[in-house]
Amino acid sequence: MSAHFDTIIAGGTVVTAGDSIRCDIGIRGGRVAALGLDLGTADRTVDATGKLVMPGGIDSHVHIAQPSGDGIVMADDFESATRSAALGGTTTVLPFVLQEKGRPLRETVNAYHALAEGACHIDTSFHLIISEPNEAVLGQQLPALVEDGYTSFKIFMTYEGLALNDREILEVLDTARNCGALVMVHCESYDAIRFMTEKLEKAGRTAPKHHATSRPKLVEREATHRAIAHAELVDVPIMIVHVSNREAIEQIRWAQQRGMKVLAETCTQYLVLTEADLDGLGMEGAKYVCSPPPRDRDSQEACWDGLRDGVFNVFSSDHCPFRYEDAEGKLNPKAKSSFRWVPNGIPGVGARLAVLFSEGVKKGRISAEQFVALTATNHARTYGLYPRKGTIAVGSDADIAIWDPEKRLTLTHEHIRDGADYTPYAGLDITGWPVLTMVRGTVVVEDGALVGPKGHGVYLPRERSPYAAKVAS
Ligand code: DUC
Ligand code: ZN
Ligand code: ZN
């Protein structure tokens, strides 16, 4: 007897992290119900002939509606960020909840839920950022939140008000070890950056390009090594996020070769931007100010090597959008006086997949299967969402992006449509673009148009990361 489905995606090549096969997908009740040929009938059949049918992207590193300092406002709310993500083929994002000092963490988490509720086009799940690791936070608040599915958190080794000292880092890692959470670490050395920033400012070297001068590779390399050493001492896995250059990668590879569970992430900006982009006319370079800063061609090659050989298991956007022509954004009144005041971060959630597909898969640097692993499957595995998310398998959520692998375009902000007023990737020639994005069986984007119901996205409590849970048990 032939079966009936809500939707059949027919005629495409289904790509997972494991292989690529010609087969159809039967979807029922928001999940993948069958894979094969001649599946039966459906309310809607989507013709995917000549297309690649891939798991929707998971971007496990995005910042949305995060407080960003006096007079500075992030360009995206949950609606606009998830809109851009969906247009770019992403079906789940993991934004951060920034701990507010002196306020119970749970209250802040609830405040972010209130912002996201009903606003998202795609699914979301929160990481936490720990800025005040006191006894109440580490002893009670954090373990309770981990129990409730907030199973990962980020810590910073730099930034006024955010940087943790070595003792605090060790305490956070120890807490994570005990409750089976995964810690993401921003590895740049606070004191070295402050020292460099003050010297540069005294010398009048205040243009946006000196953001990069103030935090050279060795500042990242040293902090990366220190974070690894702390993780080794505590005996806990860590995730080193937004790795930008060969020296830091060497530290991570060294740790991995010694058998340590050091996971690592790199991002779009480290593949296609360089420090030279920060050296634009006037304040143009502010558009590229992010941390760590984009580096050089050798660093780009090292990042590609790391994506290919598995040093990196996830590829994210670190979407952290500020408008350029805006007094609350990159061109705020103080920004001209020093790079120090240029808001730190760039938009990228909408461009991430297309840039990696075009520069990676189409140029023969990585396979389509590696693309899926790096942009979806490994994010789901690492952060406790697998196998519900991150793959196309019977029983998984039908989170699917259908790609036209031959579609060509020159990237503009019109393709991205986040809340910023520019994309740092404008002008890039792209081959390959998602023509349909589906979240739990519902089409949310088709041919560049948002067609899904706003508020379709749901919140996803997560399991513990399998890497971290093993240590805790
Ligand atoms: N780190 C991030 O992860 N995002 C934006 C800024 C930063 O320093
Ligand atoms: Zn960071
Ligand atoms: Zn970030």
Side-chain angles (χ1 to χ4, degrees), residues 58-69 72-76 81 85 90 93-99 112 124-131 152-164 169 172 182-190 192-194 197 208 211-212 214-216 219-220 223-224 226-227 238-245 248 252 263-270 273 278 286-295 312 314-323 329-330 335 339-349 351-352 379 382-383 418-420 424:
I58 300 176
D59 194 339
S60 59
H61 190 151
V62 304
H63 304 266
I64 303 174
Q66 212 178 282
S68 303
I72 304 298
V73 177
M74 216 166 244
D76 270 319
T90 289
V93 289
L94 276 67
F96 293 86
V97 171
L98 171 62
Q99 182 187 14
Y112 278 72
T124 56
S125 188
F126 296 153
H127 308 287
L128 311 174
I129 291 174
I130 304 303
S131 60
S152 47
F153 36 87
K154 183 176 175 192
I155 56 173
F156 286 79
M157 297 173 82
T158 188
Y159 291 130
E160 185 81 42
L162 274 180
L164 304 190
I169 292 171
V172 170
L182 185 61
V183 181
M184 311 157 79
V185 192
H186 178 126
C187 298
E188 288 185 300
S189 170
Y190 183 45
I193 293 169
R194 275 200 304 183
T197 300
H211 169 76
S214 73
R215 45 218 312 152
V219 165
E220 184 182 345
T224 302
R226 189 153 37 99
I238 49 167
M239 163 67 79
I240 313 278
V241 291
H242 47 49
V243 178
S244 74
N245 74 86
I252 295 163
L263 303 161
E265 167 201 84
T266 191
C267 307
T268 322
Q269 52 270 39
Y270 306 120
L273 302 179
L278 277 79
K287 289 181 177 174
Y288 306 90
V289 166
C290 60
S291 296
R295 306 294 187 179
F312 296 118
V314 289
F315 177 78
S316 307
S317 67
D318 194 3
H319 180 76
C320 187
F322 299 96
R323 289 173 56 80
K330 295 283 187 181
F339 59 86
R340 176 204 292 249
W341 302 111
V342 175
N344 219 319
I346 60 176
V349 73
R352 172 185 73 125
H379 296 257
T382 301
Y383 293 109
D418 56 21

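Just so you know, ligand 1 is whichever comes first in the structure, and atom 1 is the first atom listed for that ligand.
- What you find for C320 and N344 is that their closest heavy atoms are SG-O, 3.5 Å.
- Among all protein heavy atoms, the one lying closest to atom 5 (C) of ligand 1 is C320 SG, 3.6 Å.
- Between H211 and S291, the side chains place a donor N or O and an acceptor N or O closer than 3.5 Å (distance only, hydrogens not considered).
- Rounding to 10°, one obtains 90° for the angle at the Zn ion (ligand 2) between ND1 (H186) and NE2 (H242).
- Here the protein heavy atom with the shortest distance to atom 3 (O) of ligand 1 is K154 NZ, 2.4 Å.
- Between the Zn ion (ligand 3) and H61 there is an N/O/S contact shorter than 2.8 Å.
- Counting backbone and side-chain atoms alike, H63 contributes an N/O/S atom closer than 2.8 Å to the Zn ion (ligand 3).
- Under the 4.0 angstrom criterion for non-hydrogen atoms, G345 is not in contact with ligand 1.
- Side chain to side chain, S317 and D59 meet the donor-acceptor criterion of an N or O pair below 3.5 Å.
- Each of H319, H63, Q66 was evaluated against D76; a single residue qualifies, H319, per the side-chain hydrogen bond (donor to acceptor under 3.5 Å, both in side chains) test.
- Using a 4.0 Å cutoff on heavy atoms, Y159 counts as a contact of ligand 1.
- Nearest N/O/S atom of D318 with respect to the Zn ion (ligand 3) is recorded as OD1.
- Among the atoms of H186, some N or O lies under 3.5 angstrom from an N or O of ligand 1.
- For a distance bound of 2.8 Å, the N, O or S atoms of F156 include none lying that close to the Zn ion (ligand 2).
- For the residues I129, N344, I346, V62, the heavy atom positioned nearest atom 6 (C) of ligand 1 is part of N344.
- Residue contact annotation: H61 has a non-hydrogen atom under 4.0 Å from ligand 1.
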